[in-house]
2 protein chains.
Amino acid sequence: MKVTIREVAKQAGVAPSTVSRVIANSSRISSKTKARVRETMEALGYHPNFNARNLVNNRTNMLGVIIPGASEVAFQNPFFPEVLRGITTKAYTAGYGLALSTGQTDEDIFNEVKQMVQSCRVDGIILLSSKIDDQIIPYLLEQQFPFVLVGRPDNIATKNITYVNNDNVKAAKLVTEYLLLLGHEAIGFIGGQQEAIVTVDHAAGYEQALHNAAIPMNRDYSVYYQEVLEGGQQAVIELMSLEKPPTALIVADDLMALGVLRMLDEMQVSVPEDISVISFNNVMLSELSSPPLTTVDIHIYELGQKATDALVEKIQTPDIEAKTIIVPHRLIKRQSCKKLDHLAPSK
Amino acid sequence: MKVTIREVAKQAGVAPSTVSRVIANSSRISSKTKARVRETMEALGYHPNFNARNLVNNRTNMLGVIIPGASEVAFQNPFFPEVLRGITTKAYTAGYGLALSTGQTDEDIFNEVKQMVQSCRVDGIILLSSKIDDQIIPYLLEQQFPFVLVGRPDNIATKNITYVNNDNVKAAKLVTEYLLLLGHEAIGFIGGQQEAIVTVDHAAGYEQALHNAAIPMNRDYSVYYQEVLEGGQQAVIELMSLEKPPTALIVADDLMALGVLRMLDEMQVSVPEDISVISFNNVMLSELSSPPLTTVDIHIYELGQKATDALVEKIQTPDIEAKTIIVPHRLIKRQSCKKLDHLAPSK
DNA sequence: GTGAAAGCGCTAACAT
DNA sequence: ATGTTAGCGCTTTCAC
């Protein structure tokens, strides 16, 4: 059936070990033999058996990519395809294949990770965003298995974790300060799922900015929704029915912001005239909404690339020390925010 | 380092083969031994070595997923994450892992496919959408390697290809007829990349409908763009600057339609009052645009699921004959289409 | 510079 | 019902 190293050897009149050395391009094989062997490999259509190599080398040249929570849900958000793009390009150039997690529940996924690790399916793992009380990270640490995290660990103090993240606290602070500068004080905060670390960080940045501006926190102004699209819509209902509704909204994610815009539109509240909206991620679609969204570009693609680079490095240099890579963010001003009216010159 | 089958055997006082049989849950092992062996496996933290198994079994329990063209570009479109979701769930329940292609150029990808096949990296392959003159399919056929195609083969007559598709001709016809019913005759067609089979089918359906309605084709009304977002925008410029611009637009994809809406908005052309827009896919976002898009739901998620089911079946029953699975489509009427004014009762 | 042989961890005859 | 043994296809000492 499949052509093996022995047949190549026989055909080329050398020993199997020689063929193996040719594959590895060993320096102690005469270029003449190399040429001859390569020729027969070509002629016979030889391809090394991946599993046999893996078995003896204890390597797979595969990277595991763990999509958190339900990939079911995750894939609804352009964040994941976008990191995947970044991962993909770097994995390709580094010569690694990608194995995707398929589990839907946290438990399934944890089992998959164990599988990948224990059964030598992958050489390293990329964890896409972490949640509070995650059990995967401690496990990987204990196993001393190479991995990188996109996002940050629950407890920053935890040593030996290489992660690639944005400074989400600062980004949220920036966004809040921007709205404050525009004269808004009643600023609503629509966060993503509460267990997500990014949500925690966003909330922290938001609070810091308000605190620095000496604006008292209004608990009613902070709401959290897991569902991206419906979440945005429900959040608007919740916030806009307050006695004193906010004049500006910080939204966890562009997609969620689209839901927000939609609901606002239905309520005949116009953006940015009646209310300002700002969000995070700068997903491709954010410039296509009406109005185009003011948002924070977090360079998702780069997160994926940097994570992959770091992982490959870690695999190839096991003793390398853990790194923290912070990808910068950037405020993209478009048309969804406006100075609060009573501050406008016309007043 | 890792604990092997021998150690479990020794520890449990049995032969390695017995342990192997316990793993396979062979019926000819006493339940007493099974229990004992399982216990020691647990105690020692044994996990079977994936590569060793693969080597002897010639299976990998992995499915290759080939993202066409540049995954770079592909991932910008929600279509791929969405099929992936479908694939993911079914792969998980069937006990298969997923290996993603990472190549960016057609050539890279073709090499990856060859790798996957020749080096026994995967048991089967899912091809996500096909192009004209694709070289992968002939190769896979020649190798007699299990694969399914999402989309349809270039030449339907080609035998032995299992594929999962929509009836895109019919869908495009439906859409055109719907617009005709609304009184539109000047109907623009904004297609995706011309080499994509889906584009060819869409164009065919569009032409059929016009033909049946005895409306002469206006060549200027058909334009093709590869880029999803900018493509939509450019297409609008091209079509709207015609002497007699269309009163309705058929757009290859929801995302592209968002680009179309955006540009129309900039031109102060209002949808659906001034022009009707209809598209394909019913991606989650399509109901969030303003106005919400009338579109054809092609059940992308189901395409992924069905494809995976078919592939798994094919792997497990190699001699099964090729199937064609057509996933039904459905017109989702929202607010982007309207009766042409001169037909309205007020006229 | 090249060959012979052992072994990676597992499974599947073939014994018993 | 369980043990023995021979490989799967490759790499890698160790000889020469």
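If you're wondering where the values come from, they're calculated on a predicted model, not measured in any experiment. By convention in this document, chain letters (A, B, ...) are assigned in the order of the sequence lines, proteins followed by strands, and residues within each chain are numbered from 1.
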Nearest-angstrom distance from the residue atom CZ of Arg6(A) to P of dA4(C): 10 Å

Got a second to check how far Ser20(A)'s OG is from Arg53(A)'s CZ, nearest 0.5 Å? 7.5 Å

Pairs under 3.5 angstrom only: tabulate donor-acceptor contacts from the side chains of residues 116-127 of chain A to other protein residues two or more places apart or in another chain.
{"from": "Gln118(A)", "atom 1": "NE2", "to": "Tyr139(A)", "atom 2": "OH", "distance (Å)": "2.9"}
{"from": "Ser119(A)", "atom 1": "OG", "to": "Gln115(A)", "atom 2": "O", "distance (Å)": "3.4"}
{"from": "Ser119(A)", "atom 1": "OG", "to": "Pro48(B)", "atom 2": "O", "distance (Å)": "3.1"}
{"from": "Arg121(A)", "atom 1": "NH1", "to": "Gln115(A)", "atom 2": "OE1", "distance (Å)": "2.9"}
{"from": "Asp123(A)", "atom 1": "OD1", "to": "Thr60(A)", "atom 2": "N", "distance (Å)": "2.8"}
{"from": "Asp123(A)", "atom 1": "OD1", "to": "Thr60(A)", "atom 2": "OG1", "distance (Å)": "2.9"}
{"from": "Asp123(A)", "atom 1": "OD2", "to": "Thr60(A)", "atom 2": "N", "distance (Å)": "3.3"}
{"from": "Asp123(A)", "atom 1": "OD2", "to": "Asn61(A)", "atom 2": "N", "distance (Å)": "2.7"}

What about Thr18(B), does its side chain sit under 3.5 Å from the base of dA1(D) through a donor-acceptor pair? no

His47(A) NE2 - dC10(D) P separation (whole Å): 12 Å

Mind checking side chain to side chain contact (heavy atoms under 4.5 Å, CB included) for Glu195(B) and listing every partner two or more places apart, or none if nothing turns up? Lys131(B), Gln193(B)

For Ser20(A), which contact category applies under a 4.0 Å heavy-atom criterion: base, sugar-phosphate, or nothing? base

Looking at dG3(C), dG3(D), dA12(C), which one has an atom nearest to any side-chain atom of Asn57(B)? dA12(C)

How many Å lie between CG on Leu55(B) and P on dC10(D), as a whole number? 9 Å

Spacing between Lys10(A) atom NZ and dG9(D) atom C1', to the nearest angstrom: 14 Å

Which one, dG3(C), dG9(D), dC10(D), comes nearest to the side chain of Ser17(A)? dG3(C)

Distance check: side-chain N/O of Asn54(A) vs OP1/OP2 of dG9(C), anything under 4.0 Å? no

Pick base, sugar-phosphate or nothing for Val19(A), based on heavy-atom distances below 4.0 Å to the nucleic acid. nothing

Asn58(B) CG to dG7(D) P: how many Å, rounded? 16 Å

Rounded to the nearest 0.5 Å, how far apart are CG of Leu44(A) and NZ of Lys10(A)? 11.5 Å

Any base atoms under 4.0 Å from Tyr46(B), or only sugar-phosphate, or nothing? Heavy atoms, all strands. sugar-phosphate

Nearest-Å distance, NZ (Lys34(A)) to P (dT2(C))? 10 Å

When the distance from CG of Asn49(A) to P of dC8(D) is rounded to whole Å, what number comes out? 12 Å

So what is the end-to-end bend of the helix from dG1(C)-dC16(D) to dT16(C)-dA1(D), with 5 pairs used at each end and the value given to 10 degrees? 40°

Is a side-chain donor-acceptor pair under 3.5 Å present for Asn51(B) with Arg59(A)? no

Regarding the side chain of Arg53(B), the nearest nucleotide among dA4(C), dT11(C), dC10(D) is dT11(C)

Non-hydrogen side-chain atoms of Val327(B) and Val164(B) separated by less than 4.5 Å: yes

I need the residues from residues 21-33 of chain A with at least one non-hydrogen atom less than 4.0 Å from DNA chain C; give them sorted by number, or say none. Arg21(A), Arg28(A), Ile29(A), Ser30(A), Thr33(A)

Nearest whole Å is fine: how far is dT2(C) C1' from Ile5(A) CD1? 14 Å

Donor-acceptor list for residues 312-325 of chain B side chains, cut-off 3.5 Å, not counting sequence neighbours:
{"from": "Glu313(B)", "atom 1": "OE1", "to": "Lys323(B)", "atom 2": "NZ", "distance (Å)": "2.9"}
{"from": "Thr317(B)", "atom 1": "OG1", "to": "Glu313(B)", "atom 2": "O", "distance (Å)": "3.3"}

Could you pull out all residues at least two apart from Asp134(A) that satisfy side chain to side chain contact (heavy atoms under 4.5 Å, CB included)? Ile136(A), Ile137(A), Pro138(A)

Distance in Å, Thr102(A) OG1 paired with Arg85(B) CZ, rounded so as to fall on 0.5 Å steps: 14.0 Å

Whether the Gln104(B) and Thr89(A) side chains hold a donor-acceptor pair (N or O, under 3.5 Å, no angle test) is what I'd like checked. no

